[in-house]
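In listed order, ligands and their atoms are each counted from 1. The analysis underlying the following values was restricted to heavy atoms, covering all of them including side chains, and did not include hydrogens, waters or symmetry mates. The first residue of the sequence shown is numbered 1, and numbering continues consecutively from there.
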Amino acid sequence: MPSLLGTTVIEHLLTTQKAHPEATGAFTRLLSELIVAAKIISREVNKAGLVDILGYAGRENIQGEQVQKLDEFAHRTIVERMAHTGELCAMASEEDPDIIPIPERFPRGNYVLIFDPLDGSSNIDVNVSIGTIFSIYRRVTPMPADPTLEDILQKGSKQVAAGYFVYGSSSMMVYTSGSGVHGFTLLPSIGEFLLSHENIKIPERGRTFSVNEGNYNYWSDEVKKIVSYFKTPDRETKRPYTGRYIGSLVADFHRNLLHGGIFMYPPDKKDPKKPLGKLRLMCECNPLSFVVEQAGGYASTGFQSILDLEPKELHQRVPLYIGSKEDVLIAEQFIKGEGES
Ligand code: AHG
Ligand code: MN
Ligand code: MN
């Protein structure tokens, strides 16, 4: 008897788990707890403006950015909920300089969770979509020793699962565990994420480019040529690409995932401390690159696949060109000096 209200995440996980009998219930438990954390964050996001959850927490994070109260709330919610699942040996967050150990009082597991608790912070108090990005790896150092940075700094291609929540006109969860990309929409009245987008495939080529053109004067000539290419009416359709930039990576990415297009955060000379652009490899670029490749797209640093990058440090930044495969390959050609204007 099919369920009356569509397929819940757990039902969907159990069906895909049948395809992966080796997958224990660990991943299901992890994702279930992550969903509870996301529902709590989503509720706070929706209350933002009515309660004192807005504004700055009065401290800077490792990124040198002002931490918003909601950043801190989201970070704390995920850390506290995920610590007691018994499935993790360590966590890492955009909001914490170091590895986050699992407290002694909780059992340790075989997985590592890396996350951006709140993506799009600059949009928190203007009611624009924001989100949470997560990435799951298997630990590589032997139990029962303490986990090390080696368990955290793994190539994106080693992820066992990744995805994001977007808190917008509706709250959605999009994830992959290596068997395609699936989207679920929160039905607030029953508090369940229900399957709404099964087996998402990104169009081979899009009609949208997303980049912050405010950085134009800090870009290399190659980057300027990419953006000029997408703004030039192309030979077949005689139309340029449409420009769309929300300023929340999850929202820009999600639109391009569903409709096609390319999101770019190129290197710029604006801040000498951030020569490779603003986005973080471990908690933003790797998870979304896993999702986009599972959906048939591609993600590049401009020179190579993001998922093949050997991480050097926890909060390292990388240039990101991500979305429809043909569009990202065009961007790569320009970066490598092979593009045709
Ligand atoms: P976060 O809020 O986690 O720091 O991420 C913000 C990121 C990303 O969401 C977005 O694509 C980018 O910052 C926008 O940066 P600019 O304002 O420099 O364009
Ligand atoms: Mn972010
Ligand atoms: Mn963030």
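At a cut-off of 3.5 Å, with distance as the only test, no side-chain donor of Ser135 or Asn286 sits close to an acceptor on the other residue. Side-chain polar atoms of Tyr111 and Arg29 form no donor-acceptor pair below 3.5 angstrom. Remark: the Glu33 side chain and the Thr85 side chain contain no N/O donor-acceptor pair separated by less than 3.5 Å. No side-chain donor-acceptor contact under 3.5 Å links Tyr298 and Glu326.
Using the six-membered ring where Trp is involved, Tyr245 and Phe263 have ring planes that are parallel, under 30° apart on the 30 and 60° scheme. Classified by interplanar angle (parallel below 30°, tilted 30° to 60°, perpendicular above 60°), the ring pair Tyr229/Phe334 is tilted. The aromatic rings of His12 and Tyr175 lie perpendicular to each other, with more than 60° between the two planes, well past the 30° mark. Below 30°, between 30° and 60°, or above 60°: for Tyr164 and Phe253 the angle between ring planes is above 60°, a perpendicular geometry.
At least one N/O-N/O distance between Gly120 and ligand 1 falls below 3.5 Å. Polar contact check, Glu94 against ligand 1: a nitrogen or oxygen pair lies under 3.5 Å apart.
When you scan the N, O or S atoms of Asp116 for the one nearest the Mn ion (ligand 3), you land on OD1. The Mn ion (ligand 2) lies closest to atom OE2 when only the N/O/S atoms of Glu284 are considered.
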Evaluate the criterion side-chain contact (heavy atoms from CB on, under 4.5 Å) for residue pair Ile40 and Arg81; output intermediate values, then yes/no.
CA-CA 10 Å; Ile40 293 168; Arg81 293 222 64 95; 3.8 Å; yes
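Using a 4.0 Å cut-off between charged nitrogen and carboxylate oxygen, Asp96 and Arg76 do not count as a salt-bridge pair.
For the ligand labelled ligand 1, residue Leu118 lies inside the 4.0 Å heavy-atom shell. A heavy-atom separation below 4.0 Å is found between Gly247 and ligand 1.
Remark: side-chain polar atoms of Thr7 are not paired, donor with acceptor, to backbone N or O of Glu11 under 3.5 angstrom. Listed for the Asp119 side chain is no donor-acceptor partner under 3.5 Å among the backbone atoms of Thr132.
Near Glu284, meaning under 4.0 Å from any of its heavy atoms, are these atoms of ligand 1: 3 (O), 5 (O). Every atom of ligand 1 with a heavy atom of Ser121 under 4.0 Å away is listed here by number and element: 2 (O). Those atoms of ligand 1 with a heavy atom of Ser248 less than 4.0 angstrom away are 9 (O). Below 4.0 Å from some heavy atom of Leu249 lie the following atoms of ligand 1, by number and element: 8 (C), 9 (O), 10 (C), 11 (O). Shown in contact with Phe263 at under 4.0 Å from a heavy atom are these atoms of ligand 1, numbered in order with element: 11 (O). Taking a cut-off of under 4.0 Å to the non-hydrogen atoms of Asp116, the atoms of ligand 1 that pass are 3 (O).
Among the backbone and side-chain atoms of Glu95, none of the N, O or S atoms lies under 2.8 Å from the Mn ion (ligand 3). Between the Mn ion (ligand 2) and Asp119 there is an N/O/S contact shorter than 2.8 Å. Residue contacts to the Mn ion (ligand 3): Pro117 brings no N, O or S atom closer than 2.8 Å.
Contacts with ligand 1 closer than 4.0 Å are made by side-chain heavy atoms of Arg280 only, the backbone lying farther away. Heavy atoms of Asn212 found under 4.0 angstrom from ligand 1 belong exclusively to the side chain.
The nearest non-hydrogen atom to atom 18 (O) of ligand 1, considering only Phe253, Tyr245, Tyr265, comes from Tyr265.
When OE2 of Glu94 and O of Leu118 are joined through the Mn ion (ligand 3), the resulting angle is 160° to the nearest 10°.
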